[in-house]
Amino acid sequence: MRQYIISILFASICLGNRLDYFQQHVAYDIEVTLDDSAHTLDAYEKIIYTNNSPDSLDFIWFHIWPNAYKNTETAFAKQRERFLNTSFIFSEEKKRGYIDSLNFTIDGIKADWDYHPDWIDVAKVQLPKSLPPGDVITIETPFFVKLPKVFSRLGHTGKHYEITQWYPKPAVYDHLGWHPMPYLDMGEFYSEFGSFDVRITLPEEYRIMATGDLVNGEAEYAWLDSLAQEGDSLHALDKKAFKKAIKKLKKSGKKKGEKKNFLQKLKAKFKKEKKERETPILKTLHFHQDNVHDFAWFADPKWIVRKGILYLADSTRQVTLWSMYHPKNAELWENSIEYLHDSGYWYSVFNGDYPYNHITAVDGDMSAGGGMEYPNITVISKMDSKHLLEMVIMHEVGHNWFYGILGSNERDHTWMDEGLNEFNNIRYWEAKYGDENRKWIVNEFTQEKLGPFSVGKNLQFGFFEYAGYSSWVKKGDEEPMETSANAFKQRTNYWLSYSKPLLYTWHLLDYLGEEVIDTIMHSYYRDWEFKHPYPEDYFAYFKKFSNKDLAWYTHDVFYETGRVDYSVKIEDNEAVFKNLGDLTLPFEAAFYNKKKNEISRHWYENVKKIQRVSLPEGTKSVIIDPDQTLPDGNRPNNATSKPLAFTWVFDQPQYYKREIFWMPWLFSGNHYNGWTPGLNFYNGFVPGYDYGIGFRPMWDFLNEQLVGSFSASKTVYGLGSFYSSNFSFDAARNSGRTGAHFEFKGKRKKHLERFPVWKTIFNIDYHNILENAVDSEYYDSGESATGYAEMELYNRPNPFLTYYFRTAVKTGIVNSQFLRFNLQTNIYYKFTKKLKAKLRIWVGGFLDAIDLPRQYRTYLSGNIDPDFRNNYLFNRTADVNDASIGTHQYDIGGPSLHGLILDDIDKMLGVDS
Ligand SMILES: [Zn+2]
């Protein structure tokens with residue numbers, strides 16, 4: 001109740017504020033010159049800043065983000081360190097970057113400025129006199145940027161340039177005050193809307209595209225048009241000619257690879273110096289754009305250029321589409337204009353018309369992977385399939401709406417741009433590939449090119465989002481969506497800002513219907529276009545356009561954590577719906593007759609614990625969530641009857657069937673059994689199931705008998721003091737051994753922390769080993785049973801240090817009497833990128849060895865796989881000269897010295913002998 005009152009209070013305060021909505025205005029004028037041999041930018045910036053706030057301002061926070069790459073103390077470097085990434089920390093000084101030469105004046109008067117106390121990529125510029133509400137000032141400064149290699153978003157790779165987050169930029173001042181923020185990898189931005197006039201000077205051979213339209217750019221556009229014609233004719237070539245042409249284009253970009261002798265090198269150097277002294281022919285291009293909050297540009301002298309046109313559905317305005325890509329990716333990018341077109345088209349349909357004149361995607365080198373959005377223009381990294389490229393282009397183009405036009409604070413409310421954008425991604429996929437079952441090709445070879453043996457033919461867009469989300473949240477380390485990006489303790493929770501809103505908003509669409517969602521999205525877009533919406537502004541439309549209780553969405557999804565798990569059973573002619581999860585969501589249930597034909601379907605709301613409903617006449621089975629839009633982490637209990645289904649290797653799981661995946665098992669065998677072909681069957685082991693069962697019958701051609709194995713595994717989270725508890729059992733007959741193995745693996749760690757991890761392992765083994773299957777020097781045949789217990793501490797306190805301590809005991813239970821122990825520690829330390837040290841200490845021995853089966857001796861070197869865990873031991877018999885069975889095996893539990901240490905009769909030397 002108290003919470004309720006507070007939230008009403010909060011809502012009314014916010015609403016009050018929003019009625020007095022204001023936003024600052026910034027008009028940029030930047031002149032910049034690229035030096036493509038020093039990889040630097042020399043620039044001058046002029047900003048006309050309008051204070052539309054009700055407050056007088058005495059200073060302005062400026063973002064000078066190129067300084068993020070200056071040293072290893074920046075917020076960017078520290079965040080990388082926190083996530084154990086050393087690529088920037090160990091980078092050479094010369095590959096880093098910075099911004100300097102700043103000299104701020106306000107209306108011509110020199111202004112004092114200083115760095116933020118914590119961040120050298122944020123500066124506080126003091127205004128010589130207070131700026132009252134409604135007043136305008138002109139801020140000017142020169143600046144110089146040394147471009148880093150592409151570590152994150154800004155930088156260059158040779159003569160390929162990605163010029164982003166590159167100029168001094170005022171932080172947002174809104175109803176909550178100032179929003180200064182350091183540059184981060186994980187965590188995006190928040191900027192003031194305004195206009196940009198940017199004059200870029202660079203060598204004339206560069207293909208360049210940027211936010212905005214060219215002013216007096218006829219000549220440049222004509223050149224780009226001619227390049228686009230070249231691009232089109234390249235793709236019109238037949239396969240062979242196309243490959244040849246690409247090879248030639250790739251070659252023209254490479255000169256370094258050629259081998260030269262000393263004299264040639266000297267000559268080349270002399271020539272190069274001479275060449276560099278010749279001033280390159282430069283061009284200056286003027287880009288202009290209104291109603292954007294950022295400006296980025298990308299340049300490359302070798303890109304292939306393509307051009308297209310998008311006619312928006314309900315307007316006559318046309319949008320120009322550009323795609324520019326490296327020759328090496330030409331085949332993949334063949335249809336990139338189509339992806340740009342469809343993205344611009346569908347986002348306009350779902351939300352509102354694209355308001356700018358071009359949409360561009362360029363092929364980049366962002367090491368972070370994926371892509372990055374800027375107004376009008378997006379940069380995409382290397383992708384593995386056409387669908388993945390289409391997905392990333394669609395996603396980044398989509399950010400024109402969710403980030404660009406709807407300029408939310410991405411740093412503090414990541415889901416508002418990423419999550420709502422992802423929701424539009426699945427709508428796009430449904431609109432475009434709905435007839436093809438939303439197919440999702442991540443690997444063209446395995447999914448399409450293997451004919452009847454193709455694996456994963458029916459994988460759907462959205463499955464990976466569901467799989468990632470549902471397998472993560474059940475672990476209990478989820479953090480609320482409403483967490484500022486850098487405050488997420490676990491990186492996965494940041495990534496949940498993408499998948500979680502997608503899944504729940506998709507379910508909401510299923511619940512409310514397309515018409516209501518369209519009304520909400522269009523109204524949100526219309527009211528907040530070129531503004532800064534906050535979460536409550538978005539949520540307000542759900543109250544406005546729906547009379548349903550949607551607190552599960554507008555509150556729980558974004559402010560709470562937890563799992564969804566509904567189940568259904570039929571009891572006494574009633575369907576019994578149970579809520580086994582933490583969240584309460586509306587869900588749909590469908591009722592089927594004997595012939596599996598649907599009788600009817602209904603939505604059920606607010607089922608917090610249990611609800612019984614009488615079955616419609618003739619009902620034989622019930623399925624919760626027939627369309628699979630509910631982010632239910634345990635789907636198999638959503639159906640009362642599950643027909644058997646066999647699926648080849650792996651595919652989109654059919655949760656409402658008793659689905660058995662199968663594959664032939666052809667390449668197995670060993671000395672004792674000979675070739676043992678068979679079949680492998682499994683059920684579960686995929687997200688949406690919390691168990692896995694496998695069965696592998698095989699035929700032993702040598703002894704003419706059935707061999708094989710059965711295994712089962714279940715992982716439970718939050719059992720007792722364990723973070724995860726895995727129970728597994730397997731029984732097998734193979735390699736002349738019949739046996740069984742039970743294991744418990746428990747992991748303990750602090751909530752939301754990754755390290756340190758305490759592992760506890762218990763296992764029991766039973767073996768019955770045939771005499772003629774093994775070398776009697778190393779194995780005792782017959783029956784035996786043993787027990788094993790292990791404790792381990794594993795830690796990675798920083799990116800440089802990794803260590804573990806482990807203590808273990810193994811003891812005989814049946815037909816054996818011994819007690820073996822060992823203690824060991826492994827320490828790894830990274831001093832620099834190339835200098836690493838490794839230390840391993842092992843102490844072990846026997847406290848009791850009255851009846852020690854030979855396989856449990858501890859050898860100074862080598863290993864014989866005593867418990868038949870691995871199939872790599874092809875031959876365990878004495879046929880293979882003595883100690884050779886252990887020669888190349890490495891036993892992590894033993895001393896594991898390199899090289900084989902033998903005793904005086906050439907047997908492996910045990911610590912007990
Ligand atoms: Zn994104």
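In what follows, residues are counted from 1 in the order of the sequence shown. Start at 1 and go down the list; that is how both ligands and their atoms are numbered.
Under a 4.0 Å N-O distance rule, the pair K78/D118 does not qualify as a salt bridge.
Counting heavy-atom neighbours within 6.0 Å of E331 CD, excluding the residue itself, gives a total of 12 or less.
Residues forming a side-chain contact (heavy atoms from CB on, under 4.5 Å) with D384 (at least two apart in sequence, or on another chain): L388.
Under 2.8 Å from the Zn ion (ligand 1), one finds the following protein N/O/S atoms: H395 NE2, H399 NE2, E418 OE1, E418 OE2.
For the pairing with E478, the salt bridge (charged side-chain N to carboxylate O under 4.0 Å, His left out) check across K500, R563, K489 returns one residue only, K500.
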Next on the checklist: What verdict does the ring pair (Phe, Tyr, Trp, His ring centres under 6.0 Å) test give for W297 and F287, after you've listed the backbone C-alpha separation in whole Å, the side-chain angles of each residue and the deciding distance to 0.1 Å?
Outcome noted: CA-CA 10 Å; W297 54 284; F287 288 92; 8.5 Å; no
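Aromatic ring orientation, W429 versus Y433: tilted (interplanar angle from 30° to 60°).
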